[in-house]
**Q** 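Take this structure first; my questions come after.
Per chain, numbering begins at 1; letters A, B, ... match sequence-line order.
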Number of protein chains: 2
Amino acid sequence: MSVLAEASRQKASSLSDLEVESIEMFINFLRLLGWPKSVGEIYGLLFVSAGPLAMGEIMARTGMSLGAASQGLKLLREFGAVRTVYMPGARKDHYVASGELSRFATSYIEEELLPRMRTAQERIKRMEKMMQSLPESGGQLPAERIDRLKYWLDKGQKVVPWLVKFLKL
Amino acid sequence: MSVLAEASRQKASSLSDLEVESIEMFINFLRLLGWPKSVGEIYGLLFVSAGPLAMGEIMARTGMSLGAASQGLKLLREFGAVRTVYMPGARKDHYVASGELSRFATSYIEEELLPRMRTAQERIKRMEKMMQSLPESGGQLPAERIDRLKYWLDKGQKVVPWLVKFLKL
DNA sequence: CGAATCTTTCAATAACAAATGAAAAATCCA
DNA sequence: TGGATTTTTCATTTGTTATTGAAAGATTCG
């Protein structure tokens, strides 16, 4: 067996079935939020880890590169999905997954969804003005659509806080 | 002015301010669902259109290619976000946007979110089995995490139908 | 300090996804 | 039916995002 093939075999076998399940699951979920695979790998591994892991261990177990591990951990730290723990006598940072899964959902809502809804509401105001200053009937249909959109956005903005609260619970 | 520059100027000026607002808004929202820009362009244009539009008109107004228009319309049709209307004496298909914006949200939930949640629940079952057949304490922490995940997924599955109902309202 | 260790950054590359447009397929009248 | 029109498909090109790894930057410890 070639050195390379051996290395890749090693890589695969260094993950338990449990870890593989967890990693695949989080890759799938985090893809919904538009996050790269490497982030799912890191979080999935940490999620079922019995103890804190250093970056080097994460790299070794998953086979990802230095840069991917560093950047992925940075992102996860920023979102509060992962944190470092103090390990007496250890030089390397050690990471554990936050168990609060709601963080992913709520950060998506707050950082992606809500800003877009707010932008959309400003757009709608502008669109309504444009409709008024249009030569007579700029169209009955568009006007109704815009009304509907406004209504729907209002409703959305109302349900979001409730949803966030529910998820955090 | 070069022929190309002229063409691109034409392209831009053939959209009203209203249409541009609408298009940009839907590009932004549909990106959340992982849909390509061209789809947002088509839907945004149709959304504020006073009447049905044929594919050729959509291409001409937005400047997108034949293939992109055809595929985008196909996708939107499949999701029920757009439909053809009968136009007496017209050969080309003519499209209108469905005003039901909830379709986007509900189809995302039903086609993306729920399937993943179901897969995750199967994974969790397997993971629980693995934990049991692990040498004594495969870890207190992982076991708790898996419990928590199960709890969270259950909760998610419960809130989703409610949310869908609310959105459709 | 200063050498060793660990982490971040970022330019280059690889992997992936979207857009294009020519060719094929389907549809429609005369 | 047959020619013209319209739509779909799909191989290729283009554009975007993720990953890599070397170099720079921090940090820690003796």
**Q** With respect to the side chain of A/Leu66, which nucleotide from D/dT7, D/dC29, D/dA23 is positioned closest?
**A**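 Closest of the options to the side chain of A/Leu66: D/dA23.
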**Q** Just how far, in rounded Å, is C1' of C/dT27 from OH of B/Tyr86?
**A**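 Value for this atom pair: 15 Å.
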**Q** Which nucleotide in the set C/dT7, C/dA19, D/dA18 lies at the smallest distance from any side-chain heavy atom of A/Pro36?
**A** D/dA18
**Q** If every non-hydrogen atom of B/Phe47 is compared with every non-hydrogen atom of A/Ile146, which pair is closest and at what distance?
**A** CE2-N, 4.4 Å
**Q** Tell me whether the rings of A/Phe26 and A/Tyr43 are parallel (<30°), tilted (30 to 60°) or perpendicular (>60°).
**A**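 Judged by the thresholds at 30° and 60°, the geometry between A/Phe26 and A/Tyr43 is perpendicular.
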**Q** Keeping A/Ser22 on the side-chain end and A/Leu18 on the backbone end, is there a donor-acceptor pair under 3.5 Å?
**A** no
**Q** Once you round it to whole Å, what is the distance between C1' of D/dT27 and CE of A/Met55?
**A**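 Rounded to the whole Å, the gap is 14 Å.
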**Q** The side chain of B/Ser65 is closest to which nucleotide in this list: C/dA19, C/dT8, C/dT27?
**A**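 From the listed options, C/dA19 comes nearest.
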**Q** Please determine whether a side-chain nitrogen or oxygen atom of B/Lys92 lies at a distance below 4.0 Å from atom OP1 or OP2 of C/dC28.
**A**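 No.
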**Q** Is B/Arg31 close enough to C/dA17 that one of its side-chain N or O atoms is under 4.0 Å from OP1 or OP2 there?
**A** no
**Q** Please state whether the base of D/dT6 and the side chain of B/Arg91 form at least one donor-acceptor pair under 3.5 Å?
**A** no
**Q** Could you check which of D/dT8, C/dT8, D/dT19 has an atom nearest any side-chain atom of B/Ser70?
**A** D/dT8
**Q** Let me spell it out: for each of A/Gly89 and A/Ser38, pick the nucleotide of DNA chain D with the closest heavy atom. Which residue's pick is nearer the 5' end?
**A** A/Ser38
**Q** Starting from P on C/dA18, measure out to CG on B/Leu73 and report it in whole angstrom.
**A** 17 Å
**Q** Mind calculating the distance between CG (A/Leu75) and P (D/dT17) to the nearest angstrom?
**A** 15 Å
**Q** Counting side-chain heavy atoms from C-beta on, which of D/dT6, C/dA19, D/dT7 comes nearest to B/Lys37?
**A**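 Taking heavy atoms from C-beta onward, the closest nucleotide is C/dA19.
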**Q** A/Arg145 and B/Leu46: which non-hydrogen atoms are nearest, and at how many Å?
**A**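 Shortest heavy-atom separation between A/Arg145 and B/Leu46 comes out as NH1-O, 3.4 Å.
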**Q** Can you tell me if B/Arg77 touches the phosphate of D/dT8, counting only side-chain N or O atoms and a distance under 4.0 Å to OP1 or OP2?
**A**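 For B/Arg77, the contact criterion (side-chain N or O under 4.0 Å from OP1 or OP2 of D/dT8) is met.
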**Q** If I take atom CD in residue A/Glu78 and atom C1' in nucleotide C/dT8, what distance separates them, rounded to the nearest angstrom?
**A** 12 Å
**Q** Heavy atoms from C-beta onward define the side chain here; which of C/dT9, D/dC29, D/dT8 lies closest to that of A/Gln71?
**A** C/dT9
**Q** Side chain of B/Ala68: nearest nucleotide among D/dT20, C/dA19, D/dT8?
**A**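 Nucleotide nearest to B/Ala68's side chain: C/dA19.
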**Q** Nearest-Å distance, CD1 (B/Ile42) to C1' (C/dA19)?
**A**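 Nearest whole value for this atom pair: 12 Å.
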**Q** If I take atom CD in residue A/Glu41 and atom P in nucleotide D/dA18, what distance separates them, rounded to the nearest angstrom?
**A** 13 Å
**Q** Quick one: do B/Phe104 and A/Trp152 satisfy ring-ring contact (aromatic ring centres under 6.0 Å, His included)? Show the steps, please.
**A** CA-CA 12 Å; B/Phe104 291 113; A/Trp152 210 79; 8.8 Å; no
**Q** Figure out the CH2/P separation between B/Trp35 and C/dA19, and round it to whole Å.
**A** 14 Å
